[in-house]
Amino acid sequence: MPLLTGAEPFRHEGGEAAVLLCHGFTGSPQPLRPWAEHLAGHGLTVSLPLLPGHGTRWEDLRVTGWQDWYAEVDRELRLLRDRCPRVFVAGLSMGGALALRLAARHGDAVSGVMVVNPANRVHGVAAHALPVLRHLVPATRGIAGDIAKPSRTELGYDRVPLHAAHSLRTFLRLLDGELPRVTQPLLLLRSPQDHVVPPADSARILGRVSSVDVTEVLLEQSYHVATLDYDAERIFQESTAFIGRLAPGTVKEPGLGKEGTTAGG
């Protein structure tokens, strides 16, 4: 299937510090692209991959699972580690959960974690019925587009395949047991008004990780897809400050970083 316009992955060859960005469930790289471009503009090496089953049609997501999504970001992390001595992982929603598992599994190979409205569980009464319901109902209504800013839209599926939702639930339960293995510095940015992931998920994550260096930032003006919302610039600035503090000298002023190429697709 051809990719939806705007769903292309993003890569930029920059300096010796790298950031791996992970997008959310039923979404695409599109809502994270402004963040990726900001980081690239400050001289960082950036990878924003497209997760399997995403960016085409919801039926393609139905035949994938969490192992496929995690394998993609795990592969990207290993490629970045081959080129850059410092690698940070980041993500939105399920992408935040993927970033946290990378940190839990790779230890010192990850220099820091940055997550925006990270998911910790699948909510709702229907979540408990997913093991059976997924065999009876192929999909339910989509979750994309929770943005306060009227002028912005998220590129994502309008349907959620229940087979994939069941796999996501399995993954999040697995990750919850691994969170104490996260010891890296953590920047967690969350929206108090989030209609997809409730505040309890961030609270659970903060209470489970073993990180000592933890910064929590409230995105008061944004909904779930905060990287496209009113607080987007705050996310960008907080993340470059976080990286600059942990890896001094790697964040450059725009236009002064190492030259590289940016490619989509």
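Computed over heavy atoms, backbone and side chain alike; hydrogens, waters and symmetry mates excluded.
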Next on the checklist: Is a donor from one side chain sitting under 3.5 angstrom from an acceptor on the other, for Trp69 and Thr64?
Outcome noted: yes
Checklist entry - When rounded to the nearest 0.5 angstrom, what distance separates CG in Asp231 from OG in Ser191? => result 6.5 Å
Checklist entry - Backbone N or O of Tyr223 within a donor-acceptor pair of the Asp229 side chain at under 3.5 Å? => result yes
Next on the checklist: side chain to side chain donor-acceptor pair (under 3.5 Å), that's the test. Do Ser202 and Arg190 meet it? Break it down for me.
Outcome noted: CA-CA 7 Å; Ser202 288; Arg190 66 175 181 88; 4.9 Å; no
Checklist entry - So does Arg83 have more than 12 non-hydrogen atoms from other groups sitting under 6.0 Å from CZ? => result yes
Item to check | Under 3.5 Å side-chain donor-acceptor pair for Ser239 and Trp35 | outcome: yes
Checklist entry - With under 30° as parallel and over 60° as perpendicular, where do the rings of His12 and Phe10 fit, or are they tilted in between? => result parallel
Checklist entry - Do His23 and His54 have ring centroids that are under 6.0 Å from one another? => result yes
Checklist entry - Would you say the side-chain atoms of Glu76 and Ser47 include a donor-acceptor pair closer than 3.5 Å? => result yes
Next on the checklist: Could you check whether any side-chain N or O of Asp201 sits under 3.5 Å from a backbone N or O of Arg121, counting only pairs where one atom can act as donor and the other as acceptor?
Outcome noted: yes
Checklist entry - Looking only at side chains, do His224 and Ser93 share a donor and an acceptor under 3.5 Å apart? => result yes
Checklist entry - Would Phe171 and Trp66 count as a close aromatic pair, with their ring centres under 6.0 Å? => result yes
